[in-house]
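To keep things clear, I will list the structure first and then write my remarks on it.
One-based numbering, in listed order, for ligands and for the atoms of each. Remember, it's a predicted structure, so these values are computed and weren't measured experimentally.
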Amino acid sequence: LFFQRSDGRVHPGSNNNNQRCSSVVVKVSRMKDEREKRRARQVEQLQEKDALRRKYPGNPNWEVALMLRQYRGTLNFTPLRSLNPRGAAAQQITVCVRKRPMSRKEVNSKNIDIITIPTSDSLIVHELRLKVDLTKFLEHHKFRFDFTFDEECSNALVYNHTARPLIRTMFEGGNATCFAYGQTGSGRNHTMGGEFFGKIQDCGTGIYAMAARDVFEEISRPEYREIGAKITCSFFEIYGSKVFDLLLPNKPMLRVLEDGRQQVVVVGLTEITVTKVEDVLRLIEHGSKERTSGQTSANAKSSRSHAVFQIALHMPNSWGPYGKCSFVDLAGNERGADTQSADRQTRIEGAEINKSLLALKECIRALSRQSSHLPFRGSKLTQVFRDSFVGGKKNKTCMIAMISPSMSCVEHTLSTLRYADRVKELIAKEDDAL
Ligand code: ADP
């Protein structure tokens with residue numbers, strides 16, 4: 001500093017010189033402070049890196065874990081924890097996403113959770129990408145749905161926001177449909193059928209049981225009891241273009257026909273009258289066993305079929321059900337990619353699954369548009385649910401897309417979310433237009 005003497009005193013120059021000198025001193029000391037802060041930050045980051053490296057010894061994904069931690073540190077978390085007022089009043093079409101927790105196997109194999117759910121309706125997928133110089137970076141794919149459930153959300157919370165509002169629809173004379181969509185292992189069975197404790201499933205904690213409880217509570221009201229309204233259940237499976245009754249031994253094949261009034265009928269489908277929740281659970285247990293019987297691996301074939309559980313409300317002396325509530329455990333969406341398989345049968349099944357899931361998406365989009373053109377003939381699945389896609393505002397549909405949190409499933413997860421997003425995208429645009 002040429003304004004200072006060697007003894008540190010400032011040169012007795014003009015006032016101007018003094019001012020310039022003090023401003024330079026301030027600037028230099030600010031730069032020094034910033035440098036120190038930067039160095040402290042670098043030391044902190046190195047320590048954090050070191051801690052992570054120690055936490056994931058030998059884990060090639062530790063850099064991803066670090067990037068994720070830094071990204072998540074910048075977010076404000078307000079996830080769904082209790083019944084959101086929006087949950088009570090169902091829209092005609094609701095699309096939600098549920099993330100399951102990391103399994104012990106995934107944690108042990110040093111997989112990483114790449115899904116962030118910051119709020120009750122948003123979700124981010126962090127995809128690992130490589131730059132041209134091979135340095136790693138995360139691409140953040142952001143999505144928005146009606147509700148997003150993180151790994152802490154219980155089945156009851158999911159039920160309250162998704163299927164519960166549909167029960168009213170059935171009592172109001174409409175067709176309500178709840179689809180569980182996702183790849184095999186993403187949590188469809190856990191959500192619909194109930195929580196697993198080891199290999200044992202507690203059926204009382206699934207959406208089927210919770211819905212049955214609400215149905216019986218509703219029908220026990222005097223206005224229904226006095227007229228003798230009753231509830232029946234059916235359970236069937238759609239495998240390729242064939243329909244099988246899951247409530248009869250050896251699941252016989254059924255035909256799907258359209259009657260004179262263009263109503264689609266599954267001919268000969270078993271309908272069993274039920275009077276309590278336990279009856280419903282017994283039927284589900286029986287049907288699920290039929291669904292997987294005769295298979296070498298329980299997941300092998302059941303993930304290639306759509307399982308439909310229906311609860312119907314019947315009024316005395318009336319033709320057909322007054323209202324219906326259907327729960328559909330859709331085939332694993334990864335099976336749609338089996339079209340490249342070496343095995344011909346697997347290829348055909350993959351193509352059928354693909355066709356049905358695409359047709360379903362188009363039908364839901366047509367429902368949201370109130371379009372007169374309904375492409376329900378595109379697949380057996382949509383043909384069976386024709387009545388749910390027509391009939392105007394009194395029909396309601398809900399889709400719960402299940403996703404795995406693990407980095408190894410990122411492609412299927414993105415495919416699931418893009419599918420769900422396509423259904424929602426149109427609805428959002430129409431809402432904006434209103
Ligand atoms: P899918 O029916 O989609 O093939 P599952 O429901 O069988 O998948 O789930 C796969 C595994 O993940 C099961 O062991 C299940 O217990 C577990 N799982 C799924 N969702 C959850 C969840 N929300 N909480 C805890 N465990 C879950």
Side-chain angles (χ1 to χ4, degrees), residues 79-81 96-109 111 113-117 120 123 145 147-163 178-210 235 237-239 246 284-285 287-289 291-292 295-309 327-338 349-350 353 357 399-417 419-420:
L80 198 61
R81 287 290 172 263
C96 311
V97 175
R98 182 182 202 186
K99 167 198 180 185
R100 72 157 165 79
M102 293 279 279
S103 68
R104 198 175 308 147
K105 198 166 151 207
E106 284 163 339
V107 172
N108 289 344
S109 66
N111 224 312
D113 172 357
I114 48 118
I115 307 294
T116 305
I117 300 191
S120 62
L123 180 149
F145 296 98
F147 297 107
T148 48
F149 305 100
D150 67 9
E151 62 274 36
E152 308 265 312
C153 291
S154 63
N155 275 1
L157 194 68
V158 174
Y159 171 71
N160 274 331
H161 288 82
T162 54
C178 177
F179 294 99
Y181 179 87
Q183 84 177 103
T184 306
S186 58
R188 290 162 306 155
N189 194 2
H190 176 102
T191 305
M192 305 304 278
E195 290 171 23
F196 286 91
F197 295 93
K199 288 220 152 83
I200 313 281
Q201 189 170 25
D202 177 4
C203 294
T205 58
I207 280 186
Y208 294 141
M210 289 186 243
F235 201 3
E237 176 184 47
I238 305 172
Y239 185 69
L246 292 176
I284 290 168
E285 199 182 331
S288 305
K289 272 199 196 123
R291 191 180 177 203
T292 52
Q295 295 175 17
T296 42
S297 146
N299 247 344
K301 262 196 172 164
S302 60
S303 68
R304 291 187 183 150
S305 68
H306 310 297
V308 184
F309 185 75
F327 299 92
V328 191
D329 179 7
L330 292 167
N333 65 350
E334 82 286 0
R335 301 291 180 190
D338 282 347
E349 283 172 4
I353 291 171
L357 295 177
M399 178 173 282
I400 315 172
M402 272 18 117
I403 54 168
S404 150
S406 108
M407 190 157 102
S408 57
C409 295
V410 66
E411 275 179 37
H412 287 308
T413 298
L414 279 172
S415 141
T416 300
L417 294 172
Y419 179 93

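- Remark: the Thr416 side chain and the Gln183 side chain contain no N/O donor-acceptor pair separated by less than 3.5 Å.
- For ligand 1, the atoms closer than 4.0 angstrom to any heavy atom of Pro101 are 21 (C), 22 (C), 23 (N), 24 (N), 25 (C).
- Without hydrogens or angle criteria, Arg81 side chain to Glu152 main chain gives no donor-acceptor distance under 3.5 Å.
- Under the side-chain hydrogen bond (donor to acceptor under 3.5 Å, both in side chains) rule, Tyr239 has a single partner from Arg304, Glu349, His306, Arg291, which is Glu349.
- If you look at Gln183 next to ligand 1, the close heavy atoms, those under 4.0 Å, all belong to the backbone.
- Distances shorter than 4.0 angstrom do not occur between any heavy atom of Glu195 and any atom of ligand 1.
- Taking any N or O of Ser186, backbone or side chain, at least one lies under 3.5 Å from an N or O belonging to ligand 1.
- For ligand 1, the atoms sitting less than 4.0 Å from at least one non-hydrogen atom of Phe196 are 15 (C), 16 (O), numbered in the order shown with element in parentheses.
- Residue Thr184 approaches ligand 1 through these ligand atoms, each under 4.0 Å from one of its heavy atoms: 4 (O).
- Remark: Ile207 CD1 to Phe327 CZ distance equals 7.5 Å, nearest 0.5 Å.
- Note: an N/O pair closer than 3.5 Å links Gly185 and ligand 1 by distance alone.
- When the options Ser404, Gly187, Gly182 are ranked by their closest heavy atom to atom 19 (C) of ligand 1, first place goes to Gly187.
- For atom 2 (O) of ligand 1, the candidate residues are Asp150, Asp329, Asn189; the nearest heavy-atom contact is made by Asn189.
- Panel note: side chain Glu195, backbone Asp202; no donor-acceptor pair is recorded below 3.5 Å.
- Between Leu123 and Lys99 there is no side-chain heavy-atom pair separated by less than 4.5 Å.
- Atom CG of Leu330 sits about 10.0 Å away from atom CD1 of Ile353, to the nearest 0.5 Å.
- If you check each of Met192, Gln201, Glu151, His190 against atom 21 (C) of ligand 1, the one with the closest non-hydrogen atom is His190.
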